[in-house]
Structure formats: structure tokens, C-alpha cells
Amino acid sequence: PAATRDDRRMTVRRPQLTGTLGAVASTHWLASAVGMSILDRGGNAFDAAAAAGFALQVVEPHSNGPGGDVVISVYQCSTGKVRVICGQGPMPQAATIDRFAALGIKQMPAAGLLPETVPGAGGAWLRLLAEFGTMPLANVLEPATGYASGGYPLLPGAASPIATMAPLFRTEWTGSGRTYLPDGAVPAAGSRMRNATLAGTYERLVREARAASTDREAQIEAAHSAFYQGFVAEASRVAPQVLVTDIRMPPNFQREGIDAAKELRRRHPGTGVVVLSQYDDPEYAVSLLGEGAAGYGYLLKDRVAEGDQ
């Protein structure tokens, strides 16, 4: 018999997908696969959505992150109602108009710490899981943790902004640089990327959740507290005790290391700085540090390699 219109629709290059268990759609195939794996393991749609959301924080770092925002629309067949979880973070308490005026800022910067809000995505996904999900936090975070620690292929859409931000990663956001500039170089699209810091964060959230209770909901609440009041929140307030930075002396002088050291000392005056160089010219290095040089140390690269204390 002649093919029906519905039959023809099933044979196009992007066929209509059908199934009996469920379906997951996202902006990244790995996140979609993570969500589907949760359904295969007996989780419900909300478990799958949370797992996919956490996975996107790993595999699409240019669009998602634990420090970002999210709005989640929730529909329950049992109630027939739509609810919305607002994961749009508020401005920090000290981010007042007077404070910005005192800093001489007339227009909100497009990047950096000043325009940041209190992270909303982490709490929103945890709220979804606690209120609507069925699986323990450890099961939901396991796939994202695996990709963060084991690696994932870097999208071209992520490689491009990393290349654009590379100068700032080297001078200002050095913590991000350690993750997104492996060996100091801009990663190529398709290369295997890892985020050990994020993997460690997920793992510690699970450890603290398990230590707090054996109850599923109580564990998720403990993870929420650890994120917003515990070790994650504290990490943003703790100043480093010592910064070890590199500088290339003449004839290949670059200011990145020195500029980063000066900025760190400006923000955290009590932080010590150790400057590494392969040239035996400590006076030149210290002179570059400018005002506030007290508290800076100086080591020679070749002497460090020789074990010189």
C-alpha cells in the first residue's frame, strides 16, 4: 500500500523519535544521554532533568555553570499543574548603588566579579530534585562528576570563547585559566577537557550530604547548605596565603605574572607572592612589582629545579 503521510515523516533525515520509556532533549548530546541513562535506571523525568542540568554545567561551560542562573518549568501529570522554579540569583547584599558609585562605576561591567549575582542554578536544580525527584543526590551527580574528572570533547562553541578570554585567564582569572588553559595553551575544539575542580566540588557535596543524613531529602538539603553556606561559599571569601607566579625576564619580557601579582596584592594585601624567574636579577623583578613590594619573595627557576631552599 502507498505510504501514508505519517510513514513519510518517519523517514526524513531527522525522524520523529518515538519510544515507550521517555525522551530527553538538551543542547548537548552527552547531557541528553545522561538524562536518558537516569530514566533507564528507574528515575523519573525530574531526576533526568536534574542530572542533565548538572552535566551541562560540565560539557557546556560557555553556557552553563554552577555559578549561573536557570528557570525551570515543571509539569506534573498527577496534578495537571505547571510550576516554575526560579533560579535567578539576587544581587549580593553589599552590591548597592552607593558602593558602585564609590568605585567610580557608572555602568555595570559586562564581565568580572562586580556584575555577578548569587548563584541560582545550583539551588534550583537541587530544589527540583528534592521536591519532584526520586533518586539520591549521589546517583544524579555521578554522570556529571564522571565527565568532569574523566574528560569530554570540547565543543567549537566553547573553544572560541576560551580563546577570546585567554588573556584574562592568564592575568586576572588564573583559577579559570588552570582549568581552561591546560599547560597554558588554548585548547582546540574536539580536544579532551577536564574540570577537576568541579568534579571535586560535586564529590564533596555528595560526601557532606551522606555525612549529614541517610534520608534522601535531608541529604539534598545538606548539599544545598554546603553550597550556599559551607565550603563552596567560603571558597569565594578566603584569600590565598601565598601566590606563586611566573615572569619572563629580558629579552622575552611579558608582564602577565607581575600584573597578576600586583592585582592580588591590591585585593588581598596580606598575601605573599613568590616570583619565579630563570634570570638572576631579583632587583629588576622587585622593581616591576612597584609599590607595596613588602611581602614579595623571589626565587630563581634554576635554583628551584636544583632543590635550593
Side-chain angles (χ1 to χ4, degrees), residues 22 24 26 31 34-35 37-61 64-79 81-95 116-149 195-238:
V24 179
S26 77
V34 165
S37 72
I38 294 294
L39 295 180
D40 286 334
R41 292 160 60 185
N44 66 15
F46 309 112
D47 297 318
F54 284 117
L56 285 173
Q57 294 180 0
V58 177
V59 300
E60 282 193 347
N64 298 270
D69 293 339
V70 65
V71 177
I72 306 172
S73 296
V74 180
Y75 173 75
Q76 282 184 297
C77 293
S78 59
T79 64
K81 295 181 179 180
V82 177
R83 295 180 59 185
V84 174
I85 298 175
C86 180
Q88 293 176 304
M91 289 296 291
Q93 185 177 13
E116 292 298 323
T117 62
V118 176
W125 289 119
L126 291 174
R127 172 71 179 274
L128 176 72
L129 181 63
E131 190 167 343
F132 300 97
T134 62
M135 298 185 78
L137 177 65
N139 296 41
V140 171
L141 281 179
E142 181 182 5
T145 304
Y147 283 121
S149 61
N195 191 332
T197 301
L198 187 53
T201 299
Y202 287 159
E203 289 169 348
R204 184 168 174 182
L205 286 175
V206 170
R207 288 198 304 271
E208 296 203 6
R210 284 173 165 168
S213 176
T214 58
D215 178 74
R216 191 189 79 91
E217 286 77 13
Q219 286 186 349
I220 298 172
E221 181 60 33
H224 186 281
S225 297
F227 190 95
Y228 287 99
Q229 301 171 3
F231 76 95
V232 177
E234 288 296 328
S236 66
R237 294 195 289 265
V238 175

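In this chain, numbering begins with 1 at the start of the sequence shown.
For residues 202-215, the set of pairs meeting the side chain to side chain donor-acceptor pair (under 3.5 Å) definition, not counting sequence neighbours, comprises Gln57-Tyr202, Arg204-Glu208.
For Phe132, the ring pair (Phe, Tyr, Trp, His ring centres under 6.0 Å) partners are Phe46, not counting sequence neighbours. Remark: Arg41 engages Glu142 in a salt bridge (Lys or Arg N to Asp or Glu O under 4.0 Å) (not counting sequence neighbours). Residues passing the side-chain hydrogen bond (donor to acceptor under 3.5 Å, both in side chains) test with Ser26 are Ser32, sequence neighbours excluded. Scored by the side-chain hydrogen bond (donor to acceptor under 3.5 Å, both in side chains) test, Glu131 finds Arg83, Arg127 as partners (sequence neighbours excluded).
Considering CG of Leu126 and CD1 of Ile85, their distance stands at 10.0 Å, rounded to 0.5 Å. Taking OG from Ser225 and CD1 from Ile220, the interatomic distance works out to 12.0 Å, rounded to the nearest 0.5 Å. The CG atom of Asn139 lies 9.0 Å from the CG atom of Asp47; values are rounded to the nearest 0.5 Å.
When all heavy atoms of Leu128 and Ala49 are compared, the pair lying nearest together is CD2-CB, 4.1 Å. Val34 and Ser37 make their closest contact through O-OG, 2.6 Å (heavy atoms, listed as atom of the first residue, atom of the second, distance). The minimum heavy-atom distance between Val58 and Tyr147, with the atom names listed, is CG1-C, 4.0 Å. Scanning both residues, Pro119 and Phe227, for their nearest heavy atoms gives CB-CE2, 4.1 Å. Minimum heavy-atom separation, Ile38 to Ala51: CG1-CB, 3.6 Å. Of all non-hydrogen atoms in Ala48 and Gly35, the two that sit nearest each other are CB-O, 3.3 Å.
Residues Leu129 and Leu137 have side chains in contact (heavy-atom distance under 4.5 Å, counting atoms from C-beta outward). Side-chain contact between Phe231 and Leu205 is present, with at least one heavy-atom pair separated by less than 4.5 Å.
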Output side-chain donor-acceptor pairs under 3.5 Å for residues 66-73, partner residues at least two apart or in another chain, one line each.
{"from": "Asp69", "atom 1": "OD1", "to": "Gly89", "atom 2": "N", "distance (Å)": "3.2"}

task: Might you work through the side chain to side chain contact (heavy atoms under 4.5 Å, CB included) test for Tyr228 and Val118, ending with a clear yes or no?
output: CA-CA 9 Å; Tyr228 287 99; Val118 176; 4.2 Å; yes
